[in-house]
Protein chains: 4
Amino acid sequence: MPATSPQPRRPRSGPRRDETARLAVLHAADDLLVEHGFGGLTVEAIAKRAGVAKQTIYRWWPSKVEILLDTLIEDSGKSLPVPTEKATAESIRGYLRGFARFLTRDPAGKVLLALIAQAQHDPDTAKSFHKRYLGPRRTQERDMLARAIEAGEISPELGPDATMDALVGPIVYRALTGASIPRGLVDTLVDGLLRPRAN
Amino acid sequence: MPATSPQPRRPRSGPRRDETARLAVLHAADDLLVEHGFGGLTVEAIAKRAGVAKQTIYRWWPSKVEILLDTLIEDSGKSLPVPTEKATAESIRGYLRGFARFLTRDPAGKVLLALIAQAQHDPDTAKSFHKRYLGPRRTQERDMLARAIEAGEISPELGPDATMDALVGPIVYRALTGASIPRGLVDTLVDGLLRPRAN
Amino acid sequence: MPATSPQPRRPRSGPRRDETARLAVLHAADDLLVEHGFGGLTVEAIAKRAGVAKQTIYRWWPSKVEILLDTLIEDSGKSLPVPTEKATAESIRGYLRGFARFLTRDPAGKVLLALIAQAQHDPDTAKSFHKRYLGPRRTQERDMLARAIEAGEISPELGPDATMDALVGPIVYRALTGASIPRGLVDTLVDGLLRPRAN
Amino acid sequence: MPATSPQPRRPRSGPRRDETARLAVLHAADDLLVEHGFGGLTVEAIAKRAGVAKQTIYRWWPSKVEILLDTLIEDSGKSLPVPTEKATAESIRGYLRGFARFLTRDPAGKVLLALIAQAQHDPDTAKSFHKRYLGPRRTQERDMLARAIEAGEISPELGPDATMDALVGPIVYRALTGASIPRGLVDTLVDGLLRPRAN
DNA sequence: AGTTAATCGAGACGGTACGTCGCGTCTTTGC
DNA sequence: GCAAAGACGCGACGTACCGTCTCGATTAACT
């Protein structure tokens, strides 16, 4: 059972990471994405907008995608928590409604869509996006489903991942194609896919 | 009273568009997308691979996105026709299965995913993608649904667009997140969303 | 067995060279040079302005420089003939004054300057420019000098070429540097370089 | 009463201009001009030869002409200083001989010829060439003449500019037309144009 | 209190790709 | 066979960002 932390040696001298700069970068990236879209989102522009040197960005983030991931994780944790207490069909319905609102109304929703998109273009983005966002969230969603099943609230035909994708997919797809998410969609999905068929 | 031909009907003299070059560009773009992903897809590389001058590309396509759209329209018309004859629940199920196969197996499926992605990054892409691909295809899909409804084969709760998105969304979403499309998913979607609930 | 002219056989069929097109090209080139300078003088622009196909230009001229040479030879033959009759100091002085006027006032003077310039940039231009313009004109100028010497009108210290260059050089140089040619310059050159020094 | 420094005296932080790159560009441009002529002198080739990025060139020079001007100013300052001490007919003669040698033998002479030429094709070049090279040099030459006149060494009939052009013009003109500058030319020019006519 | 080292803004650097322009050649159609 | 029209392969243009680097200046913690 050898060494613990790799470099415990020098506890660092000099100034620590500048929190002001960190937040400025995050907000700048967010704003620029909303204003000019992902295409107009350059590291140089972020740096300028944040009043920060380019090197300061590269020191802390390996790519602009990771900046967006940081904002997404922070924002979606706040705006869109996965229900952990009660687990009824109703709470799942509420979660999906929240998700739809998030994607279409919240600026942070744009970030999520942009990352889904960028993951198609770049394998590194895909990897990081799964590891840092999709994976953890899916874990929580699986829990949510499991609890509801156990409570006899729902009885989906498919496995948890396929079920979640069947619920979430249409919402994401409509957001991706610029369509609104109509009231009845979430209801129909929940009713058609989670409720046990009477037979 | 049909309008006379709007064109002055001057068939132009001089050389016509070089069909060989057109196809070379289309194939080069397709190949490069599969090999290096959208991120590695540059106009310069397409030109080099196709043995064509860059200007020849810009003469006919305003952007690399339009090249991909051309390949997609051509390919998906062949590999994935929307059923126009019979319109049963079964034919819809078959169409969705074909769609799933197309997205996950066919190289042209990568093109579709790339375009969905790029449409998030660039409004022009979005516009063109809707106008040239999503729109026309959706029109055909609406027809398919309408015929099936009329035949009493299905009775979806939602409108045609929302219904199609509910069916297609999960498939696209799983493809976007790199997941396979399990056998039962299409069945469950068709059963849960198209069949009238017995009650 | 003397060979007759190379291809006397077919007196040519098909249409002969279109004189209208030839003149249109010449004038277009001239105009464009004056309007936009040599930098803005492109074969494409000449063709468009002349209402002529690019190929028609390339069929008859190997380069745009030869077009300019054609206009120069034609124009300078008219505006600036080398005196062939009388050969006095006075006629030489008149020739130089005409040359100065040509360079600074006549549009064709711009063509001469442009060709002198282009000859620095491109060896082919230099060769053709010497062979078709400078050489023949210099031959005539040498004759002019020789006749004046023989008539006892002048007695230059230098050989004919150096003498002509000494006379013409300052005029060209001032034109090249955008300076006007002052009245006294020609007189001083003639007096200082052609008249025998009293001694 | 010296003016205080107008600059806010903030000496900038960050990296200064890379002197190595500057010299590499200057030399590359010089070499390429001599090897391939002005026609073959492209910014891309300079960059490649100098081992420098194209942007580094555009950062510091607005055009390749300015690069050449830099080399010319530097080189001609060294190889061809205008005499500032003694001012005799003899020193002027020496200056002209040096000028002839510079134009025909020194690689930097090619640069001067190329710039004279390019100034015909492009107004911006003309402007910059006069302001940065011809003007300053002419100022010094005027001084040279003025001192010689005051010393009674020469008594030209024309004003200083016309006189200098009459002396320099033939030399430049012969260089432009690819001719050598014969021994006697300079002597004859100096004798014929600077010396007071005995009468 | 002085030393040390990591931070920061600024921005120059070697690169790659962009989208455009003009070159000189080639191809089609019509007179 | 010439001409208008214009597509083609080619190569350079000048620009935008990339990610790396070097410069002072500043700022904590550790002597």
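Bear in mind the structure is a predicted one, so any value in this text is a computation, not a measurement. Chain naming here is simple, since letters A, B, ... match the order of the sequence lines and numbering starts at 1 in each.
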request  = Classify the nucleic acid contact of Trp60(B) as base, sugar-phosphate or nothing, counting any heavy atom under 4.0 Å across all strands shown.
outcome  =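 The answer is sugar-phosphate, as Trp60(B) gets under 4.0 Å only of primed atoms, P, OP1 or OP2.
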remark   = The residue, Ser63(D) or Ala53(B), whose nearest nucleotide of DNA chain F is more 5′ is Ala53(B)
remark   = Between Val52(C) and Ala21(B), the residue closer to the 5' end of DNA chain F by nearest nucleotide is Val52(C)
Nucleotide [N], atom [atom2] - distance to [atom1] of [X] in whole Å:
X	N	atom1	atom2	answer
Arg17(D)	dC21(F)	CZ	C1'	18 Å
Ile67(A)	dG19(F)	CD1	P	10 Å
Glu44(A)	dG9(E)	CD	C1'	14 Å
Trp61(C)	dT25(E)	CH2	C1'	18 Å
Lys48(D)	dC13(F)	NZ	P	12 Å
Ile46(C)	dG22(E)	CD1	P	12 Å
Arg16(B)	dG30(E)	CZ	C1'	12 Å
Arg22(D)	dC13(E)	CZ	C1'	17 Å

Nearest of [options] to any side-chain atom of [X]?
X	options	value
Tyr58(D)	dG14(F), dA10(E), dC18(E)	dG14(F)
Thr42(C)	dG9(E), dC23(E), dC8(F)	dC23(E)
Val43(C)	dG9(F), dC23(F), dC23(E)	dC23(E)

key: Euclidean distance, Leu23(D) CG relative to Glu74(D) CD, rounded to 0.5 Å   = 7.0 Å
query = Think Thr56(A) has a side-chain N or O under 4.0 angstrom from the OP1 or OP2 of dT7(E)?
reply = no
message = With a cut-off of less than 4.0 Å, is there a side-chain N or O of Arg59(A) near OP1 or OP2 of dC8(E)?
response =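 Yes, such a contact exists.
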task = May I ask you to verify whether the side chain of Lys54(A) and the base of dG19(F) hold a donor-acceptor pair under 3.5 Å?
result =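 Flag set: donor-acceptor pair detected.
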ask   = If you find the nucleotide of DNA chain E closest to Gly14(D) and the one closest to Gly51(D), which residue's nucleotide is nearer the 5' end?
value = Gly14(D)
Residue whose nearest DNA chain E nucleotide is more 5′ - Pro15(B) or Gln55(D) = Gln55(D)
message = Do Arg17(B) and Trp61(B) form a cation-pi contact, if we require the NZ or CZ to be under 6.0 Å from the six-membered ring centre and within 45 degrees of the ring's axis?
response =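 Arg17(B) over Trp61(B) ring: yes.
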query = Does the Gln120(C) side chain pair with the main chain of Leu176(D), one donor and one acceptor, at a distance under 3.5 Å?
reply =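 Yes, because the side chain of Gln120(C) sits within donor-acceptor range (under 3.5 Å) of the backbone of Leu176(D).
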ask   = Are Asp70(B) and Arg132(B) close enough for a salt bridge, meaning some N to O gap below 4.0 Å?
value = yes
inquiry  = Please verify the inter-ring angle class for His121(B) with His121(A); under 30° counts as parallel, over 60° as perpendicular, anything in between as tilted.
reply    =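 Rings of His121(B) and His121(A): perpendicular, over 60°.
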